[in-house]
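Below is one structure, written out as structure tokens, with a few remarks after it.
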Amino acid sequence: MNYRYLPMTTEDKQEMLSFLGLSSVEELFADIPEAIRFQGSLQIPIALSEPETVRHFTKLARQNVDSSEYAYFLGAGIYDHYIPSTVNHVISRSEFYTAYTPYQPEISQGELQAIFEFQTMICELTGMEVANSSMYDGPTALAEAANLAVGGVAGKNVIVSKAVHPEAREILGVNAKAQGYEVIEIGCKGGVTDLEALEQAVNEQTAAVMVQYPNFFGAVEDLASLEKIAHQHKSLFVVSANPLALGVLQPPGAYNADIVVGEAQPFGIPMQLGGPSCGYFAVKEKLMRKIPGRIVGQTVDQEGRRGFVLTLQAREQHIRREKATSNICSNQALNALAASVAMTALGKRGVQEMARLNVQKTQYALRELAKLDNCQLVYHSPVFNEFVLKVPKSVGEVNRELLRKKIVGGYDLGRDYPELANHMLLAVTEARTKEEIDALVQGLGEIGRAN
Amino acid sequence: MQTNKEKELIFEMSKPGRVAYSLPESDVPEVELDAVFPAQYLRKQPAELPEVSELDLMRHYTGLSNRNHGIDSGFYPLGSCTMKYNPKINEDVVRYPGFAKIHPYQAEETMQGALRVLYDLQAELSEITGMDAVSLQPAAGAQGEWAALMMIRAYHESRGEKRTKVIVPDTAHGTNPASAAVAGLETVTISSDEQGNVNLEELRKVVGADTAALMLTNPSTLGLFEESIQEIAEIVHEAGGLLYYDGANANAIMGIARPGDMGFDVVHLNLHKTFTGPHGGGGPGAGPIGCKKELVPFLPRPQVVKEGDTYRLDYDIPQSIGRVKAFYGNFGILLRSFVYIRANGPEGLLRVSQEAVLNANYMMRKLAPYYDLPYDRICKHEFVLSGRKQKKLGVRTLDIAKRLLDFGYHPPTIYFPLIVDECMMIEPTETESKETLDQFIDAMIAIAKEVEENPTIVQEAPHTTIVSRLDEVTAARKPVLRYRKPAEENAVRKAEGSQANEGALV
């Protein structure tokens with residue numbers, strides 16, 4: 001087999017070994033005790049040539065159902081959206097994707113400026129003052145927000161709405177256990193956070209009140225009322241927001257949120273089984289020096305030219321070690337770049353237009369589904385591009401029937417909320433056509449009927 | 001083309017009316033937004049995103065890419081980061097619709113191809129590391145460390161033991177102590193001996209009934225194999241602690257020595273380093289963790305399992321630490337690494353490690369006459385030099401790094417590990433040719449001569465980059481972290497000014 005990534009020829013090897021005064025490469029491993037040396041050959045498949053690789057993976061890829069041939073009405077945190085062609089062309093420039101963290105600013109101005117622009121776009125969309133260079137994903141960003149709010153102070157708790165993504169709450173729970181704080185979950189009423197229950201739960205020990213916007217059920221939470229309750233006892237008000245929805249909805253910054261986090265996946269990042277995506281993290285200026293992760297700042301060089309550097313590094317693990325505000329090291333730079341390109345391509349008008357299209361398609365689906373007598377829309381709060389539908393059979397069965405019509409149906413809410421068995425969460429993005437929505441409605445209408 | 005002019009921000013290129021997108025007209029009957037949402041819910045001020053044409057967009061980002069150095073641009077010997085070539089086929093495969101356009105919640109029977117990739121990768125990484133099981137969930141090395149430490153905590157707790165201390169050598173990556181802290185554990189730092197190994201005496205003194213784990217990078221960040229690893233394992237295990245392997249430097253040992261055989265109980269790998277997931281300008285990465293049998297019950301959930309010919313996600317792991325990241329890890333990066341392992345097979349991976357180590361030793365010996373070599377022994381895939389000699393002549397390691405920029409190279413990692421004065425940590429990787437190594441060696445020698453004959457040229461470097469050294473102090477003291485339109489900027493300044501005045505009155 002040829003190894004095209006390995007340039008060392010027999011002659012090179014001989015020259016290098018003879019310079020080192022060695023007769024074999026083996027001698028360079030003399031420092032590894034014999035007893036722990038690996039004997040034999042690793043039990044993994046032998047190498048494939050390039051054409052064999054293509055064939056093998058083409059075959060594997062075909063074993064998956066994908067959105068190029070199926071109409072996806074599945075969301076629950078990851079969405080099928082329009083991705084401008086420019087995104088892939090920009091992130092395929094190898095000066096970006098083969099670079100690492102911009103430790104040497106003089107030869108990393110491209111990456112640094114792109115991140116500075118990303119930070120600005122996130123601030124603009126969320127209405128916040130400061131944003132970092134990105135986080136692993138939205139749910140881990142939410143957990144980092146809780147860690148920041150608690151700040152290692154004993155006896156503190158955080159309150160999270162049950163209408164926050166179940167996986168985000170699970171990750172939050174692992175973080176809380178790690179750092180020894182309590183997480184209190186607040187239930188819902190009519191598909192939105194129960195304000196009365198929240199009011200009763202908040203007290204001096206509450207470091208943060210955390211909600212999702214639009215929430216996991218697709219409903220737009222009443223941020224104005226939530227903010228008042230959250231700030232009664234000086235807790236931080238943390239909002240996990242879908243940045244695309246902020247094309248039509250008031251941004252959390254306008255409601256005096258302290259921290260806004262979320263998932264930039266709707267902007268230019270493919271679904272790819274849920275990862276890698278790109279979390280974002282934005283704060284009020286007063287929290288600037290507590291924010292986790294890398295931040296890019298503007299400065300000047302010796303000639304006074306504008307330039308960009310990684311800054312406020314005194315917060316970070318490579319300087320502070322065990323006293324760092326978080327252990328995060330790398331961010332999701334390439335996906336932050338993808339999101340930036342998508343936000344640039346869409347621009348001021350496109351973000352509004354795309355958000356509006358999501359609302360229009362969703363409203364159409366709601367109107368049509370309301371006509372079915374075998375399914376029920378259970379909540380009535382305004383929604384962005386997702387909503388809950390009660391179906392006549394188990395969600396698994398319904399989805400199997402829809403799949404035959406080349407439709408990928410909704411998320412099974414019974415997985416996380418036992419009281420919502422036979423309820424599915426449907427997402428209708430701008431990528432869905434009227435024809436596809438009609439097919440969904442027809443398909444659902446046929447469920448449970450005799451043929 | 002690269003120019004020394006300032007590059008406009010995308011916001012400064014913006015002109016109302018220009019667009020770089022194309023969405024279809026709505027094909028459904030329209031409703032007014034205020035019929036859907038209460039008026040107060042609707043956005044009042046649109047977000048000030050750029051307004052540019054598609055060509056403007058491409059020129060802007062192409063211009064930015066020209067102001068960036070990647071592996072495809074030139075040599076990038078950044079120690080401990082394994083900046084090896086990123087295969088192009090990996091980039092193609094992840095873009096196949098059957099991998100890029102799949103949803104994490106679609107039915108398992110509709111994603112068998114993806115689940116098979118994950119299942120096989122779990123098994124193959126277990127084999128490469130000598131572990132019994134692997135979780136692919138952590139998004140990056142640091143998250144892998146944290147998840148694995150949480151497993152270690154859960155393991156001790158399940159045995160009714162309260163162990164809170166994590167021992168970390170002074171050569172460790174900063175993420176080790178930081179991860180321990182966010183896992184609610186306390187760090188104890190121990191020193192290294194003159195040979196760069198863990199100081200065994202000190203280790204014996206600090207281990208005890210409160211030891212949760214020792215975290216070790218092997219080869220260490222000095223590029224040295226921990227020769228007493230068996231003894232270290234014995235000391236830690238006898239005290240009831242576990243041994244954690246930081247896989248940042250796994251590029252040196254594939255097919256040669258496995259952490260599992262060295263006595264490690266838990267391991268994380270940085271797939272963006274050893275396994276060519278591209279570094280992406282700082283992520284996304286992937287940080288899978290592996291463990292021995294005793295720790296398997298605590299792995300994050302879900303795991304991918306195989307029943308007959310069917311792959312599925314197993315959530316039924318009652319003692320699991322839970323979930324550390326949404327969905328199933330950074331699938332796109334995991335897939336790239338899987339393609340890389342396929343392209344190499346057992347023989348290829350062995351050659352990768354052998355040649356990475358040969359390249360590093362060759363370079364180390366070539367440079368030793370010119371720079372101080374603090375640890376004079378065989379190195380593994382990387383080595384450290386000290387700029388002590390040059391410091392005496394008034395030239396710092398930072399200056400040498402900046403001078404390398406003029407030669408078209410990305411400098412080594414500098415000032416890390418912290419225990420080496422004026423440290424330079426050099427990792428050539430196996431994908432670089434002997435000619436490239438020789439050219440870099442020549443550049444390093446030329447700089448060493450400049451330090452003696454004309455230090456100013458080094459001290460004032462870089463001379464050829466699009467910007468000269470940047471003022472990092474002002475950047476941190478008066479942070480400007482986002483763009484504002486000039487009018488808005490003035491308003492903010494004014495507001496800050498008036499606040500300052502109020503402050504003065506009080």
Side-chain angles (χ1 to χ4, degrees), chain A residues 7 12 16 25 31 41-42 46-47 57 60-61 63-68 90 93-95 97-101 106-107 109-111 120 124-125 136 139 167 170 174 178 270 272-276 297-299 301-302 307 311 317-318 321-322 324 327 329-330 332-334 345 348 350 364 434, chain B residues 20-21 27-28 37 47 49-51 61 64-65 67-72 93 96-98 100-101 104 110-113 124 139 142 174 177-179 181-182 184 187 225 278-284 322-323 326-327 330-332 345-346 354 362 433-434 465 467-468 470-471 475 480 482-483:
Chain A
D12 292 337
M16 290 161 88
V25 176
D31 52 353
S41 175
L42 289 171
I46 56 161
F57 285 97
L60 277 180
Q63 291 173 18
N64 301 323
V65 159
D66 71 69
S67 66
S68 63
V90 171
R93 291 202 62 98
S94 68
E95 300 87 345
Y97 81 81
T98 73
Y100 205 11
T101 305
E106 296 88 344
I107 54 166
Q109 283 301 299
E111 178 69 41
T120 305
E124 279 295 330
L125 275 168
Y136 303 135
E167 293 199 16
E170 187 176 356
V174 180
Q272 51 190 346
L273 206 68
Q298 181 182 310
T299 186
D301 76 354
Q302 287 165 337
T311 194
Q317 48 77 26
H318 61 290
R321 297 177 80 85
E322 66 270 18
N327 71 329
C329 174
S330 59
Q332 302 288 99
L334 195 68
K348 186 177 178 176
Y364 175 71
K434 175 173 179 292
Chain B
Y21 72 96
D27 56 359
V28 296
F37 303 106
L49 296 176
E51 297 182 271
Y61 286 104
L64 289 184
S65 76
R67 297 162 76 88
N68 223 48
H69 180 100
I71 297 166
D72 288 0
V93 170
Y96 292 173
K101 294 174 176 242
T110 68
M111 53 157 142
Q112 286 295 301
E124 288 170 26
S179 298
V182 291
T187 304
F225 194 86
H279 284 74
R323 192 180 258 298
F327 315 117
N330 281 344
F331 176 70
Q354 287 176 334
Y362 174 73
S433 68
K434 181 167 175 294
T465 49
V467 287
S468 57
L470 291 148
D471 183 352
V480 178
R482 57 163 298 185
Y483 169 78

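By convention in this document, chain letters (A, B, ...) are assigned in the order of the sequence lines, proteins followed by strands, and residues within each chain are numbered from 1. Side-chain atoms are counted along with the backbone in the values below, which use heavy atoms only and exclude waters and symmetry mates.
- Remark: the backbone N or O of A:Glu95 is paired with a side-chain donor or acceptor of B:Asn68 at under 3.5 angstrom.
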Trace of the side-chain contact (heavy atoms from CB on, under 4.5 Å) decision for B:Arg482 with A:Glu124: CA-CA 9 Å; B:Arg482 57 163 298 185; A:Glu124 279 295 330; 2.8 Å; yes

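- When B:Leu470, B:Val93, B:Asp72 are compared by the number of non-hydrogen pairs under 4.5 Å with chain A, B:Leu470 comes out ahead.
- Once rounded to the nearest 0.5 Å, the distance linking CD of A:Gln63 with OG1 of B:Thr110 reads 12.0 Å.
- For chain A, the option among B:Pro104, B:Gly184, B:Ala181 with the highest count of heavy-atom pairs below 4.5 Å is B:Pro104.
- When each of B:Gly280, B:Ala20, B:Gly345, B:Pro97 is checked for heavy-atom pairs under 4.5 Å with chain A, B:Gly280 comes out on top.
- Side-chain atoms of A:Glu167 come within 3.5 Å of backbone N or O of B:Phe327 as a donor-acceptor pair.
- Here the CZ-CD1 distance, from B:Arg67 to A:Ile107, works out to 13.0 Å after rounding to the nearest 0.5 Å.
- A:Gln272 is linked by a side chain to side chain contact (heavy atoms under 4.5 Å, CB included) to A:Ile269, A:Pro270, A:Pro276, counting only residues two or more places apart in sequence or in another chain.
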Evaluate the side-chain contact (heavy atoms from CB on, under 4.5 Å) criterion for residues A:Gln332 and B:Asn330: first the C-alpha distance (whole Å), next the side-chain angles of each, then the deciding distance (0.1 Å), finally the verdict. CA-CA 11 Å; A:Gln332 302 288 99; B:Asn330 281 344; 4.0 Å; yes

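- Looking at B:Tyr96, only its side chain comes within 4.5 Å of chain A, counting heavy atoms on both sides.
- Here A:Gly350 is the residue among A:Gly297, A:Ser41, A:Pro139, A:Gly350 with the most heavy-atom pairs under 4.5 Å with chain B.
- Contacts between A:Tyr364 and chain B at a heavy-atom distance below 4.5 Å involve the side chain alone, from C-beta outward.
- When each of A:Gly307, A:Cys329, A:Ala47 is scored by its heavy-atom pairs under 4.5 Å with chain B, the top score falls to A:Ala47.
- Annotation: maximal heavy-atom pairing with chain B below 4.5 Å, among A:Leu125, A:Asp12, A:Asp31, A:Val25, occurs at A:Asp31.
- Interface check for chain A: of the options B:Pro284, B:Ala47, B:Ala326, the most heavy-atom pairs under 4.5 Å are formed by B:Pro284.
- Across B:Ser65, B:Pro278, B:Ala178, the residue that shares the most heavy-atom pairs under 4.5 angstrom with chain A is B:Ser65.
- With a 4.5 Å cut-off on non-hydrogen atoms, B:Val182 touches chain A through its backbone and its side chain both.
- Taking chain A as the reference chain and counting heavy-atom pairs below 4.5 Å, the highest number among B:Ala139, B:Gly322, B:Ser433, B:Ala142 is found for B:Ala142.
- The candidate with the highest count of non-hydrogen atom pairs below 4.5 Å against chain B, out of A:Ser68, A:Gly110, A:Ser67, is A:Gly110.
- Of the two parts of B:Ser179, the backbone and the side chain both hold a non-hydrogen atom closer than 4.5 Å to a non-hydrogen atom of chain A.
- In terms of non-hydrogen atom pairs under 4.5 Å with chain B, the most contact-rich of A:Phe57, A:Tyr136, A:Tyr100 is A:Tyr100.
- Between A:Leu273 and B:Met111, the closest heavy-atom pair is CD1-SD, 3.5 Å.
- How far NE2 of B:His69 is from OG1 of A:Thr98: 8.0 Å, rounded to the nearest 0.5 Å.
- Between chain B and the options A:Leu334, A:Asn64, A:Thr120, heavy-atom pairs under 4.5 Å are most frequent for A:Asn64.
- Scanning for salt bridge (charged side-chain N to carboxylate O under 4.0 Å, His left out) contacts around B:Glu51 gives an empty result, with sequence neighbours left out.
- With a 4.5 Å cut-off on non-hydrogen atoms, A:Val174 touches chain B through its backbone and its side chain both.
- A:Glu106 and B:Val467 get closest at one heavy-atom pair: CG-O, 3.7 Å.
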